[in-house]
Amino acid sequence: MSETRRKLTTIFCADVQDYTRLMGTDEEGTLASLKRCREAMGRLIESHGGRVINTWGDGLIADFPSVVEAVRAAVDTQNELAGFNARRPADGRMLFRIGINLGDVIVEGDDIYGDGVNIAARLQASAAAGGIVISSSVYDQVRNKVAVGFEFLGPLMVKNVDEGVPSYAVKIGDAKDETPPAQRSGSARPQPQPAAVIAADMAEASPAPRGRRLYGVLAVIAAVLIGINLLSWQGVFWARFPVLALAVVAALAWNRDQTLFNRKITSLAIVALGIAGINLFTWTGQFWAVWPMLGIAAVMGVRWSMRR
């Protein structure tokens, strides 16, 4: 049996944004791109003193003895992949999300386990496409040693960890060296600000303004529908159904960009609330929505229990 021991290490976790969609569009082309990107990532990880521990699906996990080199490897990776993606159509870009954590892990053979790995995976899941998110333990080690900026994202909730893990977005590309002098000197930690959106292609628009525009459009449509319903009133408030649908669309759009909760579980919760709304709007004395909501709750429970 392999010897089990513990060590303090820097965990580097990466996966591809919208990998399922890419595979559905072009399996062979996506697989070829994934192999090319992984080769580049593996080369950069090795050049910075790290080692690739495991790959699965579109994911990759590595560890580094140096926190600084782990962050440098992540920045170099995103910069190189940005050049690769710049030559590809917008809907065919392979954008990786990277999470980095410094933590104590269990080592068994060539693999590592524990909360340190779970936190890195959760940081990766909260990163923007083409972006990097690091834990506060990593930030404390690299804030004066790597020529990039950082933006505080607030605490990130992680399974089996009682308190939220403070996290930071690494600002690469044009965001380099934007950290205020007081922060670079270590005299103060940056104050919480809105979450950074880091894109590999700087020409793409940020999701946040798109989200605000979408909410505004949906609100206008809802108001127009309600107005039409009231002006043509015949005793039936039919606008409640399209307004409910618009509310579900807005909630799903918000969920797409939020980082506080697991997106897939939150999507299921939004669908469950939509079903409950339909039941209430068509009330005939029976709460039939309890059955699909129970099924959705069971799926949510299974997903929650199977999270890394």
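FYI, side chains are in, hydrogens and waters are out, and symmetry mates aren't considered; it's all heavy atoms of this structure. The first residue in the sequence is number 1, and the count goes up from there.
More than 12 heavy-atom neighbours from other residues, nucleotides or ligands sit within 6.0 angstrom of CH2 on Trp233.
Rounding to the nearest 0.5 Å gives a distance of 13.0 Å between CZ of Arg122 and CG of Asn101. Distance check, rounded to the nearest 0.5 Å: CD1 of Ile112 to CD1 of Ile53 gives 3.5 Å. With values rounded to the nearest 0.5 angstrom, Cys37 atom SG is found 9.5 Å from Glu39 atom CD. Summarising the geometry, atom CD belonging to Gln17 is positioned 7.5 Å from atom CG belonging to Leu95; distances are rounded to the nearest 0.5 Å. Rounding to the nearest 0.5 Å places CZ of Arg143 at 10.5 Å from OG of Ser136. Put simply, NZ on Lys145 and CD on Glu69 are 12.0 Å apart, with the number rounded to the nearest 0.5 Å.
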Side chain to side chain contact (heavy atoms under 4.5 Å, CB included) evaluation trace for Thr284 with Thr282: CA-CA 6 Å; Thr284 58; Thr282 59; 5.7 Å; no
CA sep, side-chain torsions, deciding dist, call: Val107, Thr9, side chain to side chain contact (heavy atoms under 4.5 Å, CB included): CA-CA 10 Å; Val107 181; Thr9 191; over 6 Å; no
Criterion side chain to side chain contact (heavy atoms under 4.5 Å, CB included) on Asp91 and Thr25, from CA distance to verdict: CA-CA 10 Å; Asp91 60 351; Thr25 303; 6.0 Å; no
Residues Thr10, Ser66; criterion side chain to side chain contact (heavy atoms under 4.5 Å, CB included); working and verdict: CA-CA 7 Å; Thr10 309; Ser66 166; over 6 Å; no
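Side chains of Asn85 and Arg88 form a contact here, defined as non-hydrogen atoms less than 4.5 Å apart. No side-chain heavy atom of Val105 sits less than 4.5 Å from a side-chain heavy atom of Asp63. Side-chain atoms of Gln141 and Ser137, non-hydrogen and from C-beta on, never get closer than 4.5 Å to each other. Side chains of Tyr19 and Leu34 form a contact here, defined as non-hydrogen atoms less than 4.5 Å apart. The closest side-chain heavy-atom distance from Leu81 to Met41 is below 4.5 Å. The closest side-chain heavy-atom distance from Ile275 to Ile296 is below 4.5 Å. Looking at heavy atoms from C-beta onward, Leu123 lies in side-chain contact with Ser135 at the 4.5 angstrom threshold. Residues Ile98 and Gln124 are not in side-chain contact: their nearest non-hydrogen atoms beyond the backbone lie 4.5 Å or more apart.
The aromatic rings of Phe12 and Phe64 sit tilted, their planes meeting at an angle between 30° and 60°. Ring pair Tyr168/Phe152 is tilted by interplanar angle, where 30° to 60° counts as tilted.
Nearest approach of Ala276 to Ala289, heavy atoms of both residues: CA-CB, 4.1 Å. Nearest heavy-atom pair, Ile45 versus Arg51, reported as atom, atom and distance to 0.1 Å: CG2-N, 3.7 Å. A pairwise comparison of heavy atoms in Tyr113 and Asp111 identifies OH-OD2, 3.6 Å as the closest pair. Closest heavy-atom contact between Gly59 and Asp15: CA-CB, 4.0 Å. Between Arg97 and Ala128, the shortest heavy-atom distance links the atoms CG-O, 3.5 Å. Of all non-hydrogen atoms in Met23 and Leu31, the two that sit nearest each other are SD-N, 4.4 Å.
Ile278 and Trp291 sit in two unconnected hydrophobic clusters of ILVMFWY residues. Membership requires side-chain heavy atoms under 4.5 Å apart, directly or through other members. Under the 4.5 Å side-chain heavy-atom criterion for ILVMFWY residues, no single connected hydrophobic cluster contains both Val249 and Val243. In the hydrophobic clustering of this structure, Val299 groups with Ile265; members are Ile, Leu, Val, Met, Phe, Trp, Tyr whose side-chain heavy atoms approach within less than 4.5 Å, directly or through other members. When hydrophobic clusters are built by joining Ile, Leu, Val, Met, Phe, Trp and Tyr residues whose side-chain heavy atoms come closer than 4.5 Å, directly or via intermediates, Leu44 is not grouped with Ile172. Taken together through direct or relayed side-chain contacts under 4.5 Å among Ile, Leu, Val, Met, Phe, Trp and Tyr, Val68 and Val148 form part of one hydrophobic cluster.
Panel note: side chain Thr30, backbone Leu22; a donor-acceptor pair is recorded below 3.5 Å. In terms of modelled atom types and a separation under 3.5 Å, the side chain of Asn54 and the main chain of Ile61 share no donor-acceptor contact. The closest donor-acceptor contact from the side chain of Arg240 to the backbone of Phe281 lies under 3.5 Å. Panel note: side chain Asn279, backbone Gln286; a donor-acceptor pair is recorded below 3.5 Å. Checking side-chain atoms of Glu151 against main-chain N and O of Ala169 turns up no donor-acceptor pair under 3.5 Å.
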List, one per line, each side-chain donor-acceptor pair under 3.5 Å for residues 217-229, sequence neighbours excluded.
{"unit_1": "Asn229", "atom_1": "OD1", "unit_2": "Trp238", "atom_2": "N", "d": "2.9"}
{"unit_1": "Asn229", "atom_1": "OD1", "unit_2": "Ala239", "atom_2": "N", "d": "2.9"}
{"unit_1": "Asn229", "atom_1": "ND2", "unit_2": "Val236", "atom_2": "O", "d": "3.1"}

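A salt bridge does not link Arg43 to Glu46: none of the charged nitrogens lies less than 4.0 Å from a carboxylate oxygen.
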